[in-house]
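Have a look at the structure below before the remarks.
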Amino acid sequence: MIMSFYKVPSPKEDARAVFEVLKRGGIAIIPMSVGYGIIAINPDALDRIFRTKRREPHKRHAMVGSYNLHRDIHVLPPKEAGMVKLLTVDLDLPLGIIAPYRADHPIIQKIPPNALAQSVAGDTLAMLANGGGLLEELSRLAAIEELPLMGSSANISGKGTKTVVEGIEPEILEVADIVVDYGTQKFHHPRASSTMIDFSTMKVVRYGACYDVICDALWRFHGIQMPDDPKRSTLSSG
């Protein structure tokens, strides 16, 4: 099911439609401010995504969420928690947050062990925050029902995040039960995909959208010097 190219975006209405598909075990391709993502709740659906994307074993699913969900699930010291708040709330930037997580959280408890193993690295879990209005509403709906939204970028692994539906490979589109098309996504230049930072080590895991703004903010307000962007496209592939 592909939503019309001419349908006026309605994030709350579209999120409800997507959520119903996901709860039935389906797969959705949705617009996020950093490019199109492919998401699921059901572990078997996540496995289909993994196989279709041809992901290498070291690649991980991320939780797609919000700042509020990050606060509930991630565990960070006050200084690092303040950095996340600065970037995602005060400056409203998209951000992939990697941090230690609460293994006893009800949403985490609903992820089967094998699916969780494909989504965590050590004691850390990645979560996208500020992915746009549809994602915020979808995260809110899932949090109410304590369901985990997991996924990654809607593309063959290593081929780069897509900023328009027309750029998504046919096999990725075919595995989806619903595709929501909002046109070109906001953070498509100089490249899509979220910047990902492991806030337990302050290591940049992926150089992505708004990295220069993130670097400036962390230096200006926290005195943290982040590495220069090597501008290697391989670091922004999904």
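Applying the salt bridge (charged side-chain N to carboxylate O under 4.0 Å, His left out) rule to pairs touching residues 107-133 yields nothing, sequence neighbours excluded. Among residues at least two apart or in separate chains, ring-ring contact (aromatic ring centres under 6.0 Å, His included) pairs with a member in residues 208-231 are Y207-Y211. Within the structure, no pair that satisfies the salt bridge (charged side-chain N to carboxylate O under 4.0 Å, His left out) test touches residues 125-135, not counting sequence neighbours. Residue pairs meeting the salt bridge (charged side-chain N to carboxylate O under 4.0 Å, His left out) criterion with at least one partner in residues 38-48, sequence neighbours excluded, are absent.
Nearest heavy atoms, S153 versus K53: O-NZ, 2.6 Å. Between T88 and A129, the shortest heavy-atom contact is CG2-CB, 4.3 Å. Nearest heavy atom pair, residue V180 against residue Y36, reads O-CE2, 3.3 Å.
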*side-chain contact (heavy atoms from CB on, under 4.5 Å) between L173 and V165, intermediate numbers included*: CA-CA 9 Å; L173 290 171; V165 165; 4.2 Å; yes

*What do the steps show when you test S194 against L95 for side-chain contact (heavy atoms from CB on, under 4.5 Å), and what is the final call?*
CA-CA 6 Å; S194 62; L95 183 66; over 6 Å; no

*Before giving the answer on side-chain contact (heavy atoms from CB on, under 4.5 Å), spell out for L138 and I39 the whole-Å C-alpha distance, their side-chain angles and the decisive distance to 0.1 Å.*
CA-CA 11 Å; L138 193 54; I39 63 173; 3.4 Å; yes

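Cluster membership check: L91 shares its hydrophobic cluster with M202, using side-chain heavy-atom separations under 4.5 Å among Ile, Leu, Val, Met, Phe, Trp and Tyr. Hydrophobic clustering places I41 together with I178 (ILVMFWY residues linked when any side-chain heavy atoms are closer than 4.5 Å, directly or through intermediates). Under a hydrophobic-cluster definition in which Ile, Leu, Val, Met, Phe, Trp and Tyr are linked whenever side-chain heavy atoms come within less than 4.5 Å, directly or via other members, V64 and V175 are assigned to the same cluster.
Here L149 contributes atom CG and L135 contributes atom CG; the two are 7.5 Å apart, rounded to the nearest 0.5 Å. Annotation: the span from L93 atom CG to L86 atom CG amounts to 8.0 Å, rounded to 0.5 Å. From F187, atom CZ reaches atom OG1 of T161 across 14.0 Å, with rounding to the nearest 0.5 Å. Within the model, atoms CG of L128 and OG of S152 stand 11.5 Å from one another, a figure rounded to the nearest 0.5 Å. In this structure, OG in S139 is found 10.0 Å from CD1 in I144, a value given to the nearest 0.5 Å. Rounding to the nearest 0.5 Å gives a distance of 14.0 Å between CE of M150 and CD1 of I38.
Under the rule for a side chain to side chain contact (heavy atoms under 4.5 Å, CB included), the partners of N114 that lie at least two apart in sequence or sit in another chain are P112. Remark: E80 engages no residue in a salt bridge (Lys or Arg N to Asp or Glu O under 4.0 Å) (not counting sequence neighbours). Residues meeting the side-chain hydrogen bond (donor to acceptor under 3.5 Å, both in side chains) test with E136, sequence neighbours left out: none. For the side-chain hydrogen bond (donor to acceptor under 3.5 Å, both in side chains) test, no residue two or more places apart in sequence or in another chain qualifies with E146. In this view, N42 satisfies the side-chain hydrogen bond (donor to acceptor under 3.5 Å, both in side chains) rule with no residue, not counting sequence neighbours. Remark: H74 pairs with H70 by the ring pair (Phe, Tyr, Trp, His ring centres under 6.0 Å) rule, at least two apart or across chains.
The pair E171-R54 meets the salt-bridge criterion, with a side-chain N (NZ, NE, NH1 or NH2) lying under 4.0 Å from an Asp/Glu carboxylate O.
Checking side-chain atoms of E169 against main-chain N and O of I156 turns up a donor-acceptor pair under 3.5 Å. The backbone N or O of S10 sits less than 3.5 Å from a side-chain atom of D14, completing a donor-acceptor pair.
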Please tabulate, one pair per line, all N/O donor-acceptor pairs under 3.5 Å involving side-chain atoms of residues 99-109, not counting sequence neighbours.
residue : atom : partner : partner atom : Å
R102    : NE   : D104    : OD1          : 3.2
R102    : NH1  : D72     : O            : 3.2
H105    : ND1  : I107    : N            : 3.0
Q109    : NE2  : A103    : O            : 2.6

Do any side-chain atoms of residues 16-35 form donor-acceptor pairs under 3.5 angstrom with protein atoms, and if so which ones, sequence neighbours left out?
residue : atom : partner : partner atom : Å
E20     : OE2  : K23     : NZ           : 3.4
K23     : NZ   : E145    : OE2          : 3.2
S33     : OG   : N130    : O            : 3.2

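Using a 4.5 Å cut-off on side-chain heavy atoms (C-beta onward), T124 and F199 make no contact. With contacts defined as side-chain heavy-atom distances shorter than 4.5 Å, the pair I214/I197 qualifies. With contacts defined as side-chain heavy-atom distances shorter than 4.5 Å, the pair N155/I168 does not qualify. S119 places none of its side-chain heavy atoms less than 4.5 Å from the side chain of M63. Side-chain atoms of K162 and I172, non-hydrogen and from C-beta on, never get closer than 4.5 Å to each other. Side chains of I73 and M127 form a contact here, defined as non-hydrogen atoms less than 4.5 Å apart.
When each of D216, L218, T195, D212 is paired with M226, the side-chain contact (heavy atoms from CB on, under 4.5 Å) condition holds for L218 and for no other.
With no hydrogens or angles considered, no side-chain donor-acceptor pair links N68 and S66 at under 3.5 Å.
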